Amino acid sequence: MLRYVIRRCIGVIPTMFVLMTITFFMMRLSPGGPFSTNRKASAEIIANLNRHFHLDEPLWQQYLRYLWGVLQFDFGPSYKMRDYSVADLLIQGFPTSLKLGLAAILISTLVGVTLGTLAALRRNSWIDYGASTVGLVGIAVPNFVLGPLWQLLFGVMWGLLPVAGWGQSWTQMILPVVSLALPNIAYIVRLTRGSMIESIRSNHVRTARAKGLGERLAIWRHALIGGLLPVVAYLGPATAGIITGSIVVEKIFSVPGIGRYFVEAALNRDYTVVMGVTLLYGFLIILCNLFSDIVYGVLDPKVRYE
Amino acid sequence: MSDPALDEPLMAELAARKGRSQLQDAMRRFRANPLAVVSLIVLIAIVLACFLGPYFLPFGPDDADFELISSPPDFASGHYFGTDELGRDLLARTLVGGRVSLLIGALATLVSLGIGVLYGAISGFVGKRTDALMMRTVDILYSMPYVFFVIMLTTLFERSIVMLFIAIGAVQWLTIAVIVRGQTLSLKGREFIEAARAGGMRDWSIIRKHIVPNTAGPVIVYASLTVPEVILGESFLSFLGLGVQEPDTSWGVLLEIGAEKMGTEPWLLLVPGAFLVTTLFALNFIADGLRDAFDPNER
């Protein structure tokens, strides 16, 4: 077990390295540069800027320079936002994105598992149909349709919640978090319902019941662990989904997270910012995959570590 | 002791019964699923509306009607779904935008199928170290934040529509590759492959003629899941301003405009939203139907 964990942790390093290399060269191959859209600057100024940021060096030299920086946790300056380093931007925006993402993951797990379990326990009841509806809507209706719709209903028409913004009041968190959580709730409901139905019928749960254990305990202690395995395995993709979703949700609800920087930076060829965000989010996704694999292994004794 | 009276009709029936392929069986089961069939009809209707509908409308997607700017849905003026801030007919724009979204959905899925099926079949069939290397590559790519790649690819290709679906297709092939590899591994040991080899068939021909056709079932099911995902991906990118660019349009572009204006002109959000959501629902039901049809034990 421990050896497996250590090996997987070491495996993160080459993956990050590949991620960095691909991102670096893809970004540099795209036409234009960070200063090419600035029409006011003369050719000499642009040449000077390029020299200042070492953009006139051969690509491999720039790559090595970047690699060396990353090894020392120096992600370079932003080319577009003067006087800001990439680290500054990330430190500024990440806490917001993290708060939004964690709240969404927490809520989607809680709601998704509860709904899915209830649906499995009371099949073909109204709660089961309700859960399937949530499962369908969350998957088929994208959050960039639902988000504005929530704004229209709760913000504009009924005036119950703030339409957009962040940080002034906790009610501003409700709509973005719900929008972000819903697609994941949908997946988790489907997963939990399916696996709980199987788990309730499984031999060890029947044995627990046969030995006289109450229904409640049989479900809580025995069925739930087996039933939650697919949800644990889903944690990695869920993180990726939340991160993807947060780019849109931050835009819709004007949340000052890092998702918004990323799109702008990609359009402006702000190489270092794009690299920084990609590396940070890539690292997070890899970490969550790792975490979910390890938890899965602890919960499921059938998993063998070769 | 056998009873000839009982056996004869049975034998006759068996002789008369034609063999059915796995595909025919699956299609029969699919037709028995009302939700899936209705969804298929809805989808066909939407596709026809998008590709033929604009020819029957009195307004083109770019015709500005300066008398009726930002007008709400109105039957009298002929703008059944209203107009946008330039007086362009929303129905015409939604249908033409749908062409782009649906085309990207179909073409990007084909691209990802092409790459995925070949990659998986080669990896599984060749085996050994090639397989290990190819699958390790997939593992690494799996853990990458794929949205970021698509976003970077779209900047790489200067956001042309053609490159957009190649970019989306190029990152969607991983799961298909894994599925096809699994299928190939189990097919590889079967007698008919051995027979083909004994008959002197080359590896490449075996992959093309025997391996790939036999993976059709799971591939069709997965492809049907990929189409809505790709359409969603395109809308996502266009919504962020990274995909299709004005004056070209797609459902994502229309939704972005609609989201900005939804306080005053909610129809700009609701109409393209309804089209997109209906399409996605239909595609999801069709995918569910196909999965049940190809894999009846999984129900």
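As the structure is a prediction and not an experimental result, all values here were calculated from the model. We name chains A, B, ... by the order of the sequence lines, and we start the count at 1 in each one.
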Between [options], which has the largest tally of heavy atom pairs under 4.5 Å with chain B?
{"options": "V145(A), I252(A), T239(A), L136(A)", "value": "L136(A)"}
{"options": "V277(A), I139(A), I247(A), I243(A)", "value": "I247(A)"}
{"options": "L152(A), V274(A), N143(A), L149(A)", "value": "L152(A)"}

Please state whether the side chain, the backbone, both or neither of [X] comes within less than 4.5 Å of a heavy atom of chain A.
{"X": "L270(B)", "answer": "side chain"}
{"X": "T279(B)", "answer": "neither"}
{"X": "F285(B)", "answer": "side chain"}
{"X": "L255(B)", "answer": "side chain"}

Exercise. Please state whether the side chain, the backbone, both or neither of L284(A) comes within less than 4.5 Å of a heavy atom of chain B.
Key: neither
Quiz prompt | chain B contact via T23(A) - which portion, at a heavy-atom distance below 4.5 Å | solution = both
Exercise. Please round to the nearest 0.5 Å and tell me the distance separating atom OG1 of T15(A) and atom CZ of R136(B).
Key: 5.5 Å
Quiz item: Measuring from L240(B):CG to F262(A):CZ, what's the distance to the nearest 0.5 Å?
Solution: 10.0 Å
Self-check item: Neighbour count >12 (heavy atoms, 6.0 Å) for atom CZ, F291(A)
Solution: no
Side-chain atoms of residues 161-170 of chain B: list all donor-acceptor pairs with protein atoms under 3.5 Å, sequence neighbours left out, distances to 0.1 Å.
none

Quiz item: Where do L280(B) and A140(A) come nearest, in terms of heavy atoms and distance?
Solution: CD1-O, 3.0 Å
Quiz item: Can you name the closest pair of heavy atoms from P142(A) and V277(B) and give their distance?
Solution: CD-CG2, 4.4 Å
Quiz item: Are side-chain heavy atoms of F144(A) and L276(B) found at a separation under 4.5 Å?
Solution: yes
